[in-house]
Amino acid sequence: MFSIKTSFGEIEFLKPNNFKYADATSNIAFKLSKEIRKNPIVIANEIVNEIKNNDAFEKVENINGFINVFFSKKFFIDFVMRIIEEDFISKIEKKQRFLIEFVSANPTGPLNIVNARAGAIGDSLVRIGRFLGNEVLSEYYVNDEGSQIENLGYSILWRLGIKFVLKNGIISILNNVEMEKIEILEIDGKILDMSESVYKGSYLIEISQLIKEEVMDKISQYSGKEGDLDKIRKIAYEIGKICAKYILSWQLETLRIYRVEYDNVVKESFIRNSKYPKIVLEKLKDHLYLEDMEKNKYKLEEKELEKLLNREYYVKNYGGKALVLKTTIYGDDKDRVLIRSNGEPTYFFWDIAYHYYKIERIGNGYIINLLGPDHYGYVPRLKSALKMLNFENIQVLIIQQTNLIQEGKKLDMSKRKGQIYEMNELIEEVGIDASRFFFLLRSPSAHLDFDINLAKKLSSENPVFYVQYAHARIESIKEHAKTVGISIDFNRKYLENYNFENERHLLVLSTYFEDNLKKAFYGLEPHLLVYYLLEVVEAFHKYYQKHRVIDIEDKNSTISRIIILEAIRKIINKGLELLGVDAPTKM
RNA sequence: GCCCCCGUAGCUCAAUUGGAUAGAGCAUCGGAUUUCUAAUCCGAGGGUUGUGGGUUCGAGUCCCGCCGGGGGCGCCA
């Protein structure tokens, strides 16, 4: 983006649709014409007269109200040298803080394609945001509590062929139970079928073997002891916790290989035991009420709000009623339960506490959450709750649905059924560069059909190689220059005597790098950077085909061209780095 | 039923957030290397932007209605 001060204010020039008309263009005259009630063509003329002598321009014209400019040689030389000599982003005016949370998969199974997509998008946003000079924190949230953990525990028991039997208040444990039927509990002769809640993915075979000793150890403490259903659930929960810890470490390792590293990993268990739940209850107290199963509402009269978090206290004093937050006052379609009538707080409640922890760390910065489409309905209640906490700088990027296609048919990706295509498989079969690039090739808001057969082909047909090849080619030119005895001296004096005609288009495109990064980051659309890079390297490949760079007869021009291409190379290199993709020097 | 996202070339997707003649890749067909890497380049065909209206200098983009696809609407997470 190029902007210039005039008596009409700061005018921003944009990339034209077609470079035949201009290197950069402004439609400011149309916008001003409404405000100051003047013919746009007249306004454009006044602006043209004002800026036409600026030494950044070779030509400035008014075409039907569009102000079109062509850059001068001096402008290009300054631009190239700035990239070569300095960091090429102009200093950002105000550094802002961002906290970006992404992937945050449940610790109940390996990461899948959807997570890989979120990982690529989130991580690139983090990288671009930092490069623009902002302070960006990346975060992974782990739901290591809740009913899914209990289910995970049962799943492990099932895989290990273990069954609990509860008879006359005594817990006994059966080993080596046949696994065909899923029945983990037997209460006084009655069998509890848990087919719906057990995770059936084959990854649990491996984990169950890994943690077998720990599990057996845990169970033996309870065998033959007195107990009840709650006690058995507690055992399952503890086993689930052990399993979740393993799965989390697998997930983070997969992400690390994928070049995604987090500043923080925040666990729900940490939030539950922190000061934040209490603080949040206190701050939300004016918007709370009680509701029974018949939807009758009652006023909450409680002085010591933190007592509500004690389950027994809650049941004793408010049993049969849920604690509800009036999220409708800020646009939610219904009020939401924070504490169930059984005294158990909801996921939503813990999530508000977690967000308070986020707010505490970023102050007046911005929170960005990347979520899957199934969380869409969740957004209004979260925003509403945060507004009650006086925080509104939250943006939620919904990454649209990703379908898995195999042999033309949609696959069900549910973890419970165990039919998933793992992120690990993707990395192995397609490669990191190609898969990251692939996911960044479409807008986050676009649905994506991920065809497994196509993915395997991707490793050779991915446009990422088109970009990488351009980078390698420029390196190769520099290498060749050395072998023919041309030493590259990055000095602007060579450029002063060079005619930029053939490189013009390439340079004009390059000037939009920074503009593009800003759009990609602040608009949460990292795919724009991908399309930009493709445009730049296409221009390069065309240039390369048509013009020879090294000419031993004309060293000045040769060195000038190499300086220009080095600037282009730095842009490609930086662009790829921001996408988390390698920039090879040879291919 | 209510709310949200999507609908652009045969397929997968872009389109500077309201700008000039809607663009790429793949696929199809035809060409280009004694040269710094052919993972490249040049050319051809392919469109009433789902549809009907509206807003204005100007609409793929904004508003309203329809059609089609997907998702969300729990004291689940």
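Just so it is clear: chains get the letters A, B, ... in the order the sequence lines come, proteins before strands, and each one is counted from 1.
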Verify whether one side chain among Y154(A) and E150(A) offers a donor that lies under 3.5 Å from an acceptor in the other.
yes
So [X], base contact, sugar-phosphate only, or nothing? Heavy-atom distance under 4.0 Å.
{"X": "Y376(A)", "value": "sugar-phosphate"}
{"X": "K334(A)", "value": "sugar-phosphate"}
{"X": "H471(A)", "value": "nothing"}
{"X": "R548(A)", "value": "base"}
{"X": "Y378(A)", "value": "base"}
{"X": "L441(A)", "value": "sugar-phosphate"}
{"X": "A472(A)", "value": "base"}
{"X": "N39(A)", "value": "nothing"}
{"X": "T25(A)", "value": "base"}
{"X": "K542(A)", "value": "sugar-phosphate"}
{"X": "D292(A)", "value": "base"}

Report the distance from atom [atom1] of [X] to atom [atom2] of [N], rounded to the nearest whole Å.
{"X": "E291(A)", "N": "C75(B)", "atom1": "CD", "atom2": "C1'", "value": "9 Å"}
{"X": "L371(A)", "N": "A77(B)", "atom1": "CG", "atom2": "P", "value": "16 Å"}
{"X": "E535(A)", "N": "A15(B)", "atom1": "CD", "atom2": "P", "value": "12 Å"}
{"X": "Y544(A)", "N": "A39(B)", "atom1": "OH", "atom2": "P", "value": "10 Å"}
{"X": "I550(A)", "N": "C36(B)", "atom1": "CD1", "atom2": "C1'", "value": "5 Å"}
{"X": "I121(A)", "N": "C13(B)", "atom1": "CD1", "atom2": "P", "value": "13 Å"}
{"X": "E538(A)", "N": "A14(B)", "atom1": "CD", "atom2": "P", "value": "18 Å"}
{"X": "E12(A)", "N": "G18(B)", "atom1": "CD", "atom2": "P", "value": "14 Å"}

Considering only atom [atom1], compute the distance from [N] to [M] and round it to an integer number of Å.
{"N": "G47(B)", "M": "G68(B)", "atom1": "P", "value": "26 Å"}
{"N": "C66(B)", "M": "U28(B)", "atom1": "C1'", "value": "37 Å"}
{"N": "G25(B)", "M": "U40(B)", "atom1": "C1'", "value": "15 Å"}
{"N": "C6(B)", "M": "C13(B)", "atom1": "P", "value": "13 Å"}
{"N": "U16(B)", "M": "U61(B)", "atom1": "P", "value": "12 Å"}
{"N": "G46(B)", "M": "G52(B)", "atom1": "P", "value": "22 Å"}
{"N": "U8(B)", "M": "U51(B)", "atom1": "C1'", "value": "14 Å"}
{"N": "U21(B)", "M": "A59(B)", "atom1": "P", "value": "10 Å"}

Quickly, which of D335(A), I339(A), L338(A), V324(A) forms a side chain to side chain contact (heavy atoms under 4.5 Å, CB included) with L288(A)? Name it, please.
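The single option meeting the side chain to side chain contact (heavy atoms under 4.5 Å, CB included) with L288(A) is L338(A).
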Measure the spacing between [atom1] of [X] and [atom2] of [Y] and express it to the nearest 0.5 Å.
{"X": "N462(A)", "Y": "L441(A)", "atom1": "CG", "atom2": "CG", "answer": "7.0 Å"}
{"X": "D351(A)", "Y": "N143(A)", "atom1": "CG", "atom2": "CG", "answer": "8.0 Å"}
{"X": "W350(A)", "Y": "E145(A)", "atom1": "CH2", "atom2": "CD", "answer": "8.0 Å"}

Does the distance from a Lys or Arg side-chain N to an Asp or Glu carboxylate O, for K586(A) and E479(A), drop under 4.0 Å?
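The answer is no: the pair does not qualify as a salt bridge.
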Salt bridge check, E268(A) against R272(A): does any charged N sit closer than 4.0 Å to a carboxylate O?
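A salt bridge links R272(A) with E268(A).
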Residue E10(A) excluded, over 12 heavy atoms near CD under 6.0 Å:
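Yes, the 6.0 Å shell around CD holds more than 12 heavy atoms from other groups.
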Side chain of [X]: nearest nucleotide among [options]?
{"X": "T346(A)", "options": "A77(B), C36(B), A14(B)", "result": "A77(B)"}
{"X": "R473(A)", "options": "A77(B), A38(B), C13(B)", "result": "A38(B)"}
{"X": "Q545(A)", "options": "C75(B), A77(B), U40(B)", "result": "U40(B)"}
{"X": "R340(A)", "options": "C57(B), C36(B), C75(B)", "result": "C75(B)"}
{"X": "L528(A)", "options": "A38(B), A15(B), A77(B)", "result": "A15(B)"}
{"X": "S147(A)", "options": "A39(B), C36(B), C76(B)", "result": "C76(B)"}

Sort out the partner of [N] for me: Watson-Crick or G-U wobble, both distances under 3.5 Å, none otherwise.
{"N": "A39(B)", "result": "none"}
{"N": "C73(B)", "result": "G1(B)"}
{"N": "G68(B)", "result": "C6(B)"}
{"N": "A15(B)", "result": "none"}
{"N": "C62(B)", "result": "G54(B)"}

When the aromatic ring centroids of [X] and [Y] are compared, is their separation below 6.0 Å?
{"X": "Y141(A)", "Y": "Y354(A)", "result": "yes"}
{"X": "Y466(A)", "Y": "H541(A)", "result": "yes"}
{"X": "F71(A)", "Y": "F79(A)", "result": "no"}

Pick the nucleotide of RNA chain B nearest each of E344(A) and H541(A); which residue has the one closer to the 5' end?
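Between the two, 5'-proximity favours H541(A).
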Could you pick out which residue, Y466(A) or H527(A), lies toward the 5' side of RNA chain B when each is mapped onto its nearest nucleotide?
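This one resolves to H527(A).
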Under 3.5 Å, which N/O atoms of the protein pair with N/O atoms of nucleotides 21-23 of chain B?
{"unit_1": "U21(B)", "atom_1": "O4", "unit_2": "K20(A)", "atom_2": "NZ", "d": "3.1"}

